[in-house]
Trainee: 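First, the structure itself, so that you have it in front of you.
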2 protein chains.
Amino acid sequence: MNKKTITKPLDKFDRAILRIVQKDNKTPQRQIADIVHLSAAAVQRRIAAMEKSGIIKQNSAVLDVHAVDMNITAIVEVHLRDERIETVDLAKNLFKSTPEVQQCYYVTGGISFVLIIVTADVKAYEQITRRIFAQNDFIAKYRSLITLDRVKSGSEIVIP
Amino acid sequence: MNKKTITKPLDKFDRAILRIVQKDNKTPQRQIADIVHLSAAAVQRRIAAMEKSGIIKQNSAVLDVHAVDMNITAIVEVHLRDERIETVDLAKNLFKSTPEVQQCYYVTGGISFVLIIVTADVKAYEQITRRIFAQNDFIAKYRSLITLDRVKSGSEIVIP
DNA sequence: AATGAAATCCCAACGTG
DNA sequence: CACGTTGGGATTTCATT
């Protein structure tokens with residue numbers, strides 16, 4: 001299931017470019033070129049290559065959740081009834097296809113999944129939990145942690 | 001500390017635009033205009049306004065963590081020794097200023113904080129935990145959940 | 001809010017080390 | 001093979017109505 005992208009190791013320039021575009025991908029290529037000491041065309045080629053190879057997965061506008069009236073952020077620890085492969089895949093597909101589930105991690109340590117769910121209000125959150133957890137018998141139990149403060153929500157990766 | 005952005009309620013067009021640009025902010029404005037039935041100039045102005053008002057927090061290239069050799073993603077539940085405001089703020093600042101801590105949520109439900117930490121390997125992860133948790137006495141205990149699979153890692157918000 | 005002009009940016013082609 | 005330079009084409013931006 002993994003991308004069989006032949007990952008040509010990123011050199012110094014690629015990493016410098018990534019550090020910039022992950023903060024602001026609308027930075028003009030000319031300006032990037034200036035910073036990393038390359039021509040604009042070279043920057044363009046490298047970005048295109050990294051987009052094609054999947055190193056850059058997506059170019060997205062990051063929204064402020066409160067501004068779009070999504071006031072409930074919950075972290076949910078999910079325990080499956082068993083850890084058979086079919087059960088795990090069933091759960092993965094369920095979470096993947098549920099748009100309110102923003103993030104989903106399959107983890108070690110007793111818990112099976114950790115989800116991050118964002119909804120407009122508590123009512124919407126209750127509906128989601130009912131739809132997801134109560135109606136699927138392969139979920140043994142779950143625990144909701146409601147967020148009081150999104151201290152840090154960015155997704156910037158520290159490039160070595 | 002919160003942005004007191006005067007949230008002018010988003011209308012139908014704004015939401016339609018946001019749904020597009022959060023998936024791909026490099027979509028040509030002309031194409032956006034086509035979809036939402038507005039002129040390209042109108043789209044341009046609305047996007048600029050939403051960027052200025054903070055509804056669009058940033059425009060970023062989303063990287064594939066594995067491609068940039070960040071192979072450990074851990075979810076950490078942190079318990080503080082006490083819940084005094086000063087202690088909580090101390091912890092918040094610590095997590096905010098640690099770049100490996102990608103996400104940080106202050107939550108209800110017995111746990112104080114939930115962190116998402118991304119590092120290159122287990123060695124780097126151990127160093128981080130030692131630096132963060134062992135050296136700060138206001139942290140009572142913590143539990144690490146290592147992810148086996150990032151089933152869903154995007155941050156798309158479902159706009160009503 | 002729509003139109004058109006000017007500036008800017010992106011991208012392909014060519015030539016070089 | 002990757003870089004730099006150049007030029008055409010598209011896009012964003014701004015001024016005007």
Side-chain angles (χ1 to χ4, degrees), chain A residues 3-64 67-69 155-157 159-160, chain B residues 5-64 66-69 154-157 159-160:
Chain A
K3 301 270 180 67
K4 273 284 165 258
T5 322
I6 300 110
T7 307
K8 294 160 195 343
L10 303 170
D11 64 8
K12 185 181 179 175
F13 295 109
D14 288 322
R15 287 197 291 269
I17 293 170
L18 289 178
R19 268 186 230 105
I20 296 171
V21 294
Q22 80 171 338
K23 283 210 201 96
D24 181 8
N25 70 352
K26 282 194 62 185
T27 310
Q29 299 178 342
R30 183 155 203 156
Q31 193 177 328
I32 299 175
D34 230 32
I35 297 171
V36 303
H37 302 295
L38 251 69
S39 75
V43 171
Q44 138 68 22
R45 272 186 295 246
R46 284 167 180 268
I47 290 177
M50 291 192 281
E51 280 176 349
K52 203 180 68 170
S53 73
I55 293 171
I56 294 176
K57 274 200 298 188
Q58 175 179 289
N59 292 316
S60 73
V62 181
L63 313 186
D64 178 21
V68 292
D69 259 318
S155 283
E156 297 117 52
I157 295 166
I159 299 168
Chain B
T5 323
I6 302 108
T7 308
K8 296 160 199 331
L10 303 169
D11 64 8
K12 185 180 180 176
F13 296 109
D14 289 322
R15 287 196 292 268
I17 292 170
L18 289 177
R19 266 186 232 106
I20 297 170
V21 294
Q22 79 170 342
K23 282 209 199 99
D24 181 8
N25 68 353
K26 283 194 62 184
T27 310
Q29 299 178 345
R30 187 178 310 187
Q31 192 177 327
I32 298 175
D34 229 30
I35 298 171
V36 303
H37 302 294
L38 250 66
S39 75
V43 172
Q44 139 68 20
R45 250 172 311 187
R46 284 167 181 267
I47 290 177
M50 291 192 281
E51 281 175 350
K52 203 180 66 167
S53 73
I55 293 171
I56 295 176
K57 274 200 296 191
Q58 80 174 7
N59 293 315
S60 75
V62 181
L63 312 186
D64 179 20
H66 287 92
V68 292
D69 260 317
S155 284
E156 296 117 53
I157 295 166
I159 298 167

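Quick note on labels: first sequence line is chain A, next is B, and so on, each numbered from 1.
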Trainee: For the pair made of CD1 in A:I32 and P in C:dT8, what is the distance, rounded to whole Å?
Mentor: 18 Å

Trainee: From the options C:dA1, C:dC11, D:dC3, select the nucleotide whose nearest atom is closest to the side chain of A:R46.
Mentor: D:dC3

Trainee: Among C:dT3, D:dC3, D:dT11, which is the nearest nucleotide to the side chain of A:A42?
Mentor: D:dC3

Trainee: Can you tell me how far CG of B:D64 sits from CD1 of A:I55, rounded to the nearest 0.5 angstrom?
Mentor: 8.0 Å

Trainee: With sequence neighbours left out, write down each residue that passes side-chain contact (heavy atoms from CB on, under 4.5 Å) with A:S39, or none if nothing qualifies.
Mentor: A:A41, A:A42

Trainee: Rounded to the nearest angstrom, tell me the gap between atom CZ in B:R45 and atom P in D:dT13.
Mentor: 12 Å

Trainee: Could you state the atom-to-atom distance from CG of B:N25 to C1' of D:dT12 in whole Å?
Mentor: 14 Å

Trainee: Rounded to whole Å, how long is the line connecting atom CZ of B:F13 with atom C1' of C:dA2?
Mentor: 15 Å

Trainee: Grab the NZ-P distance between B:K26 and D:dT12 for me, whole Å please.
Mentor: 10 Å

Trainee: What I want to find out is whether B:D11 reaches B:R46 closely enough, with some N-O distance under 4.0 Å, to be called a salt bridge.
Mentor: yes

Trainee: Determine whether A:I17 and A:I47 make a side-chain contact, defined as any pair of heavy atoms from C-beta on separated by less than 4.5 Å.
Mentor: yes

Trainee: Between A:S39 and B:A41, who's closer to the 5' end of DNA chain D by nearest nucleotide?
Mentor: A:S39

Trainee: What's the closest nucleotide to the side chain of A:Q29 if the choices are C:dA13, D:dT12, C:dC10?
Mentor: C:dC10

Trainee: Any idea which of C:dA1, D:dT11, C:dA12 is nearest the A:Q44 side chain?
Mentor: C:dA12

Trainee: How many whole angstroms separate atom NE2 of A:H37 from atom C1' of D:dA2?
Mentor: 18 Å

Trainee: So if I take every side-chain heavy atom of A:L38 and compare against C:dA2, C:dC9, D:dG4, which nucleotide ends up nearest?
Mentor: D:dG4

Trainee: Please give, in whole Å, the distance from C:dT8 P to A:Q31 CD?
Mentor: 14 Å

Trainee: What are the two closest heavy atoms between A:Q58 and B:Q22, and how far apart are they?
Mentor: NE2-O, 3.9 Å

Trainee: To the nearest Å, how far apart are A:R30 CZ and C:dC9 P?
Mentor: 7 Å

